[in-house]
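Contents: one structure, followed by commentary.
Source: prediction; values computed, not measured. As the structure lists them, so they are numbered: ligands from 1, and atoms in each ligand from 1.
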Amino acid sequence: SSSPAVITCKAAVAWGAGEPLVMEEVELSPPHPHEIRIKVFSSSLCRSDISAWESQAIFPRIFGHEASGIVESIGEGVTEFREGDHVLTVFTGECRTCRQCTSGKSNVCQVLGLERRGVMHSDQKTRFSIKGKPVFHYCAVSSFSEYTVVHSGCAVKVSPNAPLEKICLLSCGVAAGLGAAWNVAAVSEGSTVVIFGLGTVGLSVAQGARLKGASRIIGVDTNPDKCEKAKAFGVTEFINPSDSSEPIQQVIKRITDGGADYSFECIGDTGMITTALQSCCDGWGLTVTLGVPKVKPEMSAHYGLLLTGRTLKGTIFGGWKPKSDLPSLVDMYMNKASTSILPSITTLLHVYFLVILE
Ligand code: CXF
Ligand code: ZN
């Protein structure tokens with residue numbers, strides 16, 4: 001096929017912090033070497049998109065990173081994709097050659113890791129422009145657009161039978177939560193789990209814990225509407241901290257005979273990391289923190305919590321290596337290998353706002 005040209009398409013452009021997105025005609029360059037251009041099919045909205053839109057200073061910018069689509073064209077040197085392949089985008093890529101990727105112990109790629117400056121990994125430039133003026137990327141994905149360009153290491157080929165409008169949720173939030181429960185905590189059968197924050201990520205931790213046979217899954221959220229939704233994802237007890245004056249960590253310790261086996265911070269509030277540590281038990285209590293802090297990145301806790309045997313672990317994208325692991329997660333959803341993942345992800349779709357671009 002002939003080499004791809006610049007295209008124009010519609011994209012939702014953010015012009016300033018907190019300003020409404022504007023549908024604009026944008027120019028999108030062809031994919032550079034080792035990049036692919038994707039026709040975006042679905043893009044769900046992640047809290048990180050909103051946080052960056054509210055608070056960061058990189059504009060104009062195209063947000064969106066949790067997406068599915070179809071490969072429209074490929075750049076030089078791309079062997080892994082063809083036009084027409086179905087893909088998921090990822091905000092943290094997998095180069096498969098760096099020290100981290102080859103360690104067998106990590107999903108934090110040194111080459112295609114989280115991009116924070118609004119440009120592409122390879123040349124620190126943008127592929128989008130409006131009348132020649134650069135429009136910045138988000139997480140090197142920018143899926144709130146009809147088409148986008150991503151590094152081939154930041155896309156994952158998936159089964160063409162999988163419904164693109166559903167599996168985009170596996171591109172960030174749902175996978176992050178499931179992975180935190182399965183890969184990072186390795187939640188064990190019969191255990192007690194407490195989850196702070198019941199958004200997509202927290203609900204997916206609950207689902208993951210249920211699938212591993214946790215017997216008590218305590219969900220904590222200040223929004224009373226989350227109670228019913230949380231039960232559909234496996235939460236067995238819902239606690240709204242606003243309902244009582246007793247500190248939440250004290251409530252958890254009281255009802256679990258000294259603290260949970262596992263606690264998960266899914267809010268992005270560093271104060272809650274301390275609370276989560278205080279809510280798990282002496283000896284083996286494990287706190288997994290995966291929320292993305294919006295305000296204060298520093299955390300503090302009494303060292304005694306660690307001296308008495310607790311572990312604090314952080315994780316990004318639930319420890320999944322996108323290329324190595326996501327296709328099987330999609331297959332698991334398709335094969336209903338685990339019967340309950342399907343209804344739950346479908347339920348998620350009713351709960352979360354989806355941006356559909358066609
Ligand atoms: C996040 C991870 C932490 C920084 C911003 C992007 N990824 C997905 O939501
Ligand atoms: Zn996200």
Tell me if a side-chain donor or acceptor on [X] pairs with a main-chain N or O of [Y] at a distance below 3.5 Å.
X: Tyr333; Y: Ala162; value: no
X: His65; Y: Leu45; value: no
X: Glu27; Y: Ser29; value: no
X: Gln207; Y: Ser204; value: no

Near the Zn ion (ligand 2), meaning under 2.8 Å, how many protein N/O/S atoms are there?
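With waters ignored, the protein N/O/S count below 2.8 Å is 3.
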Please produce the table of protein N or O atoms sitting under 3.5 Å from N or O atoms belonging to ligand 1, one pair a line, distance to 0.1 Å.
{"unit_1": "ligand 1", "atom_1": "9 (O)", "unit_2": "Ser48", "atom_2": "OG", "d": "2.6"}
{"unit_1": "ligand 1", "atom_1": "9 (O)", "unit_2": "His65", "atom_2": "NE2", "d": "3.2"}

Q. side-chain contact (heavy atoms from CB on, under 4.5 Å) with Cys98: which residues, sequence neighbours excluded?
A.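 side-chain contact (heavy atoms from CB on, under 4.5 Å) check on Cys98 returns Cys95, Gln100, Cys101, Cys109, Gln110, Val111.
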Would you say His137 and Arg117 are linked by a side-chain donor-acceptor pair, where the criterion is simply a distance under 3.5 Å?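 There is no such pair (donor and acceptor under 3.5 Å, judged by atom type) between the side chains of Arg117 and His137.
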Please assess Gln56 against Arg116 for the test side-chain hydrogen bond (donor to acceptor under 3.5 Å, both in side chains), listing each intermediate value before the final yes or no. CA-CA 10 Å; Gln56 292 183 2; Arg116 295 169 185 277; over 6 Å; no
| said: Checking side chain to side chain contact (heavy atoms under 4.5 Å, CB included) between Thr192 and each of Ile217, Ile252, Asp261, which is the one that passes? | reply: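 Of the listed residues Ile217, Ile252, Asp261, the side chain to side chain contact (heavy atoms under 4.5 Å, CB included) partner of Thr192 is Asp261.
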| Tell me the salt bridge (charged side-chain N to carboxylate O under 4.0 Å, His left out) pairs involving residues 181-191, sequence neighbours left out? |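 Salt bridge (charged side-chain N to carboxylate O under 4.0 Å, His left out) check on residues 181-191 returns no pairs.
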